[in-house]
Every structure is written in structure tokens, then in C-alpha cells.
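Each ligand, and each atom within it, is numbered from 1 in the order the structure gives. Below, all heavy atoms of this structure are taken into account, side chains as well, without hydrogens, waters or symmetry copies.
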Amino acid sequence: MIRNLIVILGDQLSLEISSLEKIRKNEDKILMMEVSNEIEYVNHHRKKLVLLFSAMRHFADELKKNKFDVTYVEFNKSEKNFTMELNRQCKKFNPKSIKITHPSEYRVLNEVKKWEKLLGIPVTIIEDTRFFCKIDEFSDWAESRKELKMENFYQQMRKKYKILIDDKEKPIGGKWNYDVKNRKRLPKNHPEIPSPLICKPDKITKRVITQLNKKYTKHFGDLEPFWFATTKQDAVKSLDDFIKNRLEFFGPYEDAMKEKEKFLYHSVLSIYLNIGLLNPHEVIEKVLQKKDLPIESIEGFVRQILGWREYVRGIYWHFMPKYNQTNFFNAKNKIPNFYWDGKTKMNCMKNCIEQTKQEAYAHHIQRLMITGNFALIAGIEPKQVCDWYLSVYADAFEWVELPNTHGMILYADGGILGSKPYAASGNYINKMSDYCKNCEYDVKLKNGKNACPFNYLYWNFFLKNQNKLKKNPRLWTVFSTIKNMSEDKKKQIKDDSEKFLKTI
Ligand SMILES: Cc1cc2nc3c(=O)[nH]c(=O)nc-3n(C[C@H](O)[C@H](O)[C@H](O)COP(=O)(O)OP(=O)(O)OC[C@H]3O[C@@H](n4cnc5c(N)ncnc54)[C@H](O)[C@@H]3O)c2cc1C
Ligand code: SF4
């Protein structure tokens, strides 16, 4: 008889995962499952599926090499969902108890919570210790505040962990925030940027690709070339490669965009962090060792992981299950087909979507200021936008995707996460990228057939949502411009927007 059946989920691929802490190799069994329900509940990018299954299979092999007793069920041999497969395994092995690290998504936690009653076996859910901030700790912080500003949360985390903090609890370098230095456009003759580490598919990965190619032909995205790391060792090499070759300029060019530069100075590490191949503590520790690099890059990068990543997780768990049910602007438009095939005359959108199709990756500013900004000002229904983001990126898990999409880009939560909607016109895109020079639309034109759609949609968005936003102090300049706008101009904006939205 098995003492504990320890279930390890696809984003818990770490030997340090809390469910393994007190494991007894001779008495406990580990169960890992690939199930069709998880593959099919959204239209996941095929590279994301390869990443997950290949990394899971590599991890199972590593566990076996470490003499753990592992049962691994592949998707073509498994039951439909976790519960059904677990039930089958429990009948076979008759465990005294089931253990699992807290699932990262609400949907899965809900399923796990039903196991004890359904299977008649005690189930222990153990806290996920990979994060800097516990779920309850965030809730305590949130309940003690009127406004949930990321900046305040982040400063508290820095003090708690003594990260970039001097003896007097002051920030090293003199400032908490270097955002002002970190908004540079990439200069015209900028030298070639080193690309992320390419990991060649091995036997295990190739087998996953063949299996998925047979069964899942209709899922979004290109399956090959596949180059992601699928083991801890390769993920660490990717981290070292980033620190050596791209971290120095991460800060200054964090907000830049460039046609044909898919990664710029971004780390491309979220895919490994989110499935357990990298631990956020080890990533920050290694980055902090680079004392010779500019503080704006070091702080800028630490802020993303210790600040944003932890903060969005806190928001997710504090506000779920109600968080995804709001629709502040009552946006109802359907997501255009070009989000899936990239067939649009808007060069910025075309580039970001085609890149997403190829790589299952887009960097933050592409997600926020191009595809996200468009979804916001075109009034696309939040659920459809969230489903898209959850499907198309290899790093997409609901705990991190939802607050970024529903909250940060769509402001559908009414301002819990952001203090204002991130709406921008073509002018911003032109300032931060080179997309506009190859576009059929003219970024300088505000209205008419050839005008950049971001220009009139931007004003249309604020005109339409005036009542909901005009008291926001951060939008003072927007509404003072609207105040001085002629009725003719407003009509032109509305007509152009309606005409354009009908065509998509
Ligand atoms: C609409 C939208 C949807 C997003 N969906 C996801 C998602 O599903 N999964 C995901 O991991 N990130 C998501 N993000 C956040 C961010 O865009 C990605 O983490 C980042 O682009 C990943 O690329 P990178 O590893 O090169 O990041 P870098 O730019 O190198 O940043 C370093 C790390 O910081 C963390 N990070 C940075 N920004 C954020 C953020 N806003 N929220 C959480 N973590 C952050 C990531 O772990 C990232 O690896 C989303 C952002 C937006 C605007
Ligand atoms: S002109 Fe407008 S649509 Fe075209 S690339 Fe620039 S911002 Fe995008």
C-alpha cells in the first residue's frame, strides 16, 4: 500500500516543490498526468503544449533518476481530466493519502478541493513556497489599504527581503524607481542584439512534437522550430545567457519595440519561471551578483519579478473568483479574426500577432501597448481577450495572465490593478517603435480612410467612456482636450471608429 500519492502538476516542475519536502522514497508515489481537458479548455499554442509536456517528461525522468517512484501518464493514454485519472490511479495503488502543492489556478484548485469527498481519501494542499509573498500575506496587506498600488507593495517586498536596500532601509542607488531612465527608443544604428539561448529539441521533445502533430493539428501557432529549454539545466543556462548578454540594456530599452526584433533585451524567462524550471529566488540572487551593471537595469529587472509578478499573483488570489466577472466599460465587441491569423493592414498588430504565432512569445510592451491597447480602445469583450492571451503565450497561466489582461490592459476591474487605462494613440507607438514606417495607414493622420485606426479609436474610447473616467485625475489632460473639441470633430471620430469596427 502506498502511504502518500503526491500529485505534481505541469507547472510544479521543481525538486524543491513543497509537496516533495517530506517524501519517503520507499513509501510514497509521485503521479504526473497529461490530460485532454487541460489541453483543450482553451486553444493553447502548440509550442506551449510541447514546452509543458516535454518539460514534464524530462522532470519525471529526473525524479526517476533520483530514485523516486513515479507514475507518468501521457495524454493519449489518460482519462479526460485530473479527477478521473487520479481516481483510476487510486483504485490501482490504494494510497492512504493524497498530497499536492497549492495549484496556481483557481479552476484547478476547485477541482482538487473536490477530491477528498469524491475519492474518500484525505487530501492535503501544501503552500507553494516558490513565491516571495504568501497568498494570505498579500490579502492582509490588501485589506489594510485603500489603494493597492504595485509600487507600495514592491517597496515592502524589497524591505522584507533586503533586496537593493542599504542598512538604513533606503534604496541602493538612491531611488526606488528608475522608470524615467527606462523609456528609451532603440536608436537607428543600434548594434545587433544577442538572441536568447537556443536549445535543440532532444529525443523526448521530438517525440512530443510527433505525438501532438498527429492529434492536435487545429491548435493555434507554429510547432516548429522549437527552441525552448525543457530541463532545469538548460533553463539555468538561459538565465546565465540573459545575464551575460542582455541584462545590461534591459532597463533602458524595456519599453522599446522594433520590427523583426522579437526579444530585444527581454529575458524570455517567464516560460521557465512559471513552470518551475527556474525559481524566482535564484533568478534574483544571480542578477544581484552583477554589481558592475547599471542600477536601472538591475532594479528594472528585479521590479518585474519581485514587484509585478508577485503583485499580480496576490491580486488574482485576493479577488478570485469574482475578479474575472466584471466588465467596467461594458465592452461587447467580438475579437477580430486577425488576432488569430495576423491578416490586418495595421503593421504593428500584424507584426506582434505573426510573432506570437511563430514563437508563443511577445514582450511586455507588445502585449500591453499593441494587442492590448487595441483590444481596449476597440471595446472587445474582456472574456474573449483573456481567452486569447491565455491561449497564445507559452507563459500563460491564469494567475498571471488574468490580472494583466482583465486588469492592466482592459481596466475591466474598474481600477483595482491600474490607476488608469493604458490607452494610447498611434503617436505613442510611433515614438517607441519603427512599425509605422512600413504601415499602409498614416500615423500622422487623425481621421479618414488612411488615418491610423489607433488615432480615432483612442479618442472614441474616451468619448464613449467619459462618464466613467472623467473624474480620474490622471486623465485630466485627455478630458481637457475633449472639452475643447468641436462637435464636428467628435462626430468624425465616432463615424470613423464605427466604420472601421464594422470592417473587422
Ligand atoms: C496583456 C498581458 C498579458 C500577460 N500575460 C502573461 C502571462 O500569461 N504570463 C506571464 O508570465 N506574464 C504575462 N504578462 C506579463 C509580461 O508581459 C510577461 O511576463 C513578459 O512579457 C515575459 O517575457 P520575459 O520573460 O522576456 O519578460 P521580461 O521583460 O524579461 O521580464 C522579466 C520577468 O518579470 C516578470 N514579469 C514582467 N512583467 C510582469 C507582469 N506584468 N506580470 C507578471 N510578471 C511579470 C516575468 O516573470 C518575466 O519573465 C502579460 C502582460 C500583459 C500586458
Ligand atoms: S500607423 Fe497606426 S496601425 Fe500602422 S503601425 Fe503605426 S500605430 Fe500601427
If you define the side chain from C-beta out and look only at heavy atoms, does anything of Val443 sit under 4.5 Å from Phe454? no
Can you sort out which atoms of ligand 1 are near Val268, meaning under 4.0 Å from one of its heavy atoms? 24 (P), 25 (O), 26 (O)
Please check if the number of heavy atoms outside Lys134 that lie under 6.0 Å from its NZ is greater than 12. no
Pairing of Glu299 and Lys175 as salt bridge, 4.0 angstrom limit: no
The atoms of ligand 2 lying under 4.0 Å from a heavy atom of Met346, numbered in the order shown, are 3 (S)
Taking 4.0 angstrom as the limit and counting only heavy atoms of Ile409, give me the atoms of ligand 1 inside it, by number and element. 1 (C), 53 (C)
Considering non-hydrogen atoms only, spot the tightest contact between Leu277 and Thr230 and give its length. CD1-C, 3.8 Å
Distance-only polar pair, side chains of Asn333 and Glu381, donor-acceptor under 3.5 Å: no
Candidates Leu278, Leu402, Val392, Val400; heavy atom nearest atom 10 (C) of ligand 1 found on Val400
Which residue and heavy atom of the protein sit nearest atom 29 (O) of ligand 1, plus the separation: His266 ND1, 2.7 Å
Does this structure show an ion pair linking Lys237 with Asp241, if we count only N-O contacts that are shorter than 4.0 Å? no
What protein heavy atom sits nearest atom 42 (N) of ligand 1, and how far away is it? Asn404 ND2, 3.1 Å
Looking at Arg303 and Glu296, does any basic side-chain N land under 4.0 Å from a carboxylate oxygen? no
Which segment of Phe250 sits under 4.0 Å of ligand 1 when only heavy atoms are counted: side chain
Which bit of Tyr361 gets closer than 4.0 Å to ligand 1, counting heavy atoms only: side chain, backbone, both or neither? side chain
Is the backbone of Ala229 close enough, under 3.5 Å, to the side chain of Tyr272 for a donor and an acceptor to pair up by distance? yes
So, 2.8 Å as the limit: is an N/O/S atom of Cys452 located closer than that to atom 2 (Fe) of ligand 2? yes
Using heavy-atom distances, let me know which of Phe301, Tyr422, Tyr393, Trp399 sits nearest atom 32 (C) of ligand 1. Phe301
Salt-bridged, Asp496 to Lys449, with N to O below 4.0 Å? no
Parallel under 30°, tilted from 30 to 60°, perpendicular over 60°: which one fits the rings of Phe374 and Tyr339? tilted
I need the nearest protein heavy-atom contact for atom 39 (C) of ligand 1: residue, atom name and distance, please. Trp308 CB, 3.9 Å
Does any N or O atom in His364 lie less than 3.5 angstrom from one in ligand 1, N or O only? yes
Under 4.0 Å from one or more heavy atoms of Thr405, ligand 1 contributes atoms 1 (C), 3 (C)
Starting from atom 46 (C) of ligand 1, find the nearest protein heavy-atom neighbour and note its residue, name and distance. Ser270 CB, 4.0 Å
Can you pull out the closest protein heavy atom to atom 5 (S) of ligand 2? Residue, atom name and distance to 0.1 Å, please. Cys348 N, 3.5 Å
List ligand 2 atoms under 4.0 Å from Ile429, heavy atoms only on the residue side. 7 (S)
Taking only heavy atoms of Cys436 into account, list the atoms of ligand 2 that are under 4.0 Å away from them. 1 (S), 5 (S), 6 (Fe), 7 (S)
Flag the pair Glu354 and Lys343 as a salt bridge only when some basic side-chain nitrogen lies within less than 4.0 angstrom of an acidic carboxylate oxygen. no
Per-atom contacts of ligand 2 with Val443, taking only distances under 4.0 Å to non-hydrogen atoms: 1 (S)
So which protein heavy atom does atom 5 (N) of ligand 1 come closest to, and at what separation? Arg367 NH1, 3.5 Å
Atom 8 (O) of ligand 1 has as its nearest protein heavy atom Ala396 CA, 3.0 Å
Can Arg367 be said to sit on top of Tyr389's aromatic six-ring, NZ or CZ under 6.0 Å from centre and within 45° of the ring axis? no
Taking NZ, NE, NH1 and NH2 as the nitrogens, is one of them in Lys286 or Glu282 under 4.0 Å from a carboxylate oxygen of the other? no
Would you mind checking if Asp395 and Lys48 are paired as a salt bridge, meaning a charged N to carboxylate O distance below 4.0 Å? no
In short, Asn324 meets Glu398 closest at the heavy-atom pair ND2-OE2, 4.3 Å
Atom 33 (C) of ligand 1: nearest protein contact (heavy atom, Å): Ile305 CG1, 3.7 Å
Residue Tyr441 vicinity, atoms of ligand 2 by number, heavy atom under 4.0 Å: 1 (S)
Please state which option from Arg303, Met408, Glu310, Gln304 has its nearest heavy atom closest to atom 35 (C) of ligand 1. Gln304
Short list, please: which atoms of ligand 1 are under 4.0 Å from a heavy atom of Leu273? 47 (O), 49 (O)
Got the closest protein heavy atom to atom 4 (Fe) of ligand 2, with its distance? Cys439 SG, 2.3 Å
Asp395, portion touching ligand 1 at heavy-atom distance under 4.0 Å: both
Between Glu105 and Arg107, is the closest basic N to carboxylate O distance under 4.0 Å? yes
Please work out, at 4.0 Å between heavy atoms, whether the side chain, the backbone, both, or neither of Arg309 comes within that distance of ligand 1. both
In the protein, which heavy atom is nearest to atom 1 (C) of ligand 1, and how far is it? Tyr389 CE2, 3.5 Å
Region of Glu254 engaging ligand 1 - heavy atom pairs below 4.0 Å: neither
What I want to find out is whether Asp387 reaches Lys383 closely enough, with some N-O distance under 4.0 Å, to be called a salt bridge. yes
Ligand 1 to Leu269, heavy atom cutoff 4.0 Å, flagged ligand atoms 25 (O), 49 (O)
Which is it for Ala362 and ligand 1 at heavy atoms under 4.0 Å: side chain, backbone, both or neither? backbone
Mutual orientation of the aromatic rings belonging to Tyr411 and Phe328 [parallel < 30°, tilted 30-60°, perpendicular > 60°]: perpendicular
Heavy-atom distances under 4.0 Å are what count here, so tell me which part of Asn274 touches ligand 1: side chain, backbone, both or neither. side chain
For His363, the ligand 1 atoms with a heavy-atom partner under 4.0 Å come out as 21 (O)
Just checking, is any N or O donor in the side chain of Asn274 or Arg309 under 3.5 Å from an acceptor N or O on the other one? yes
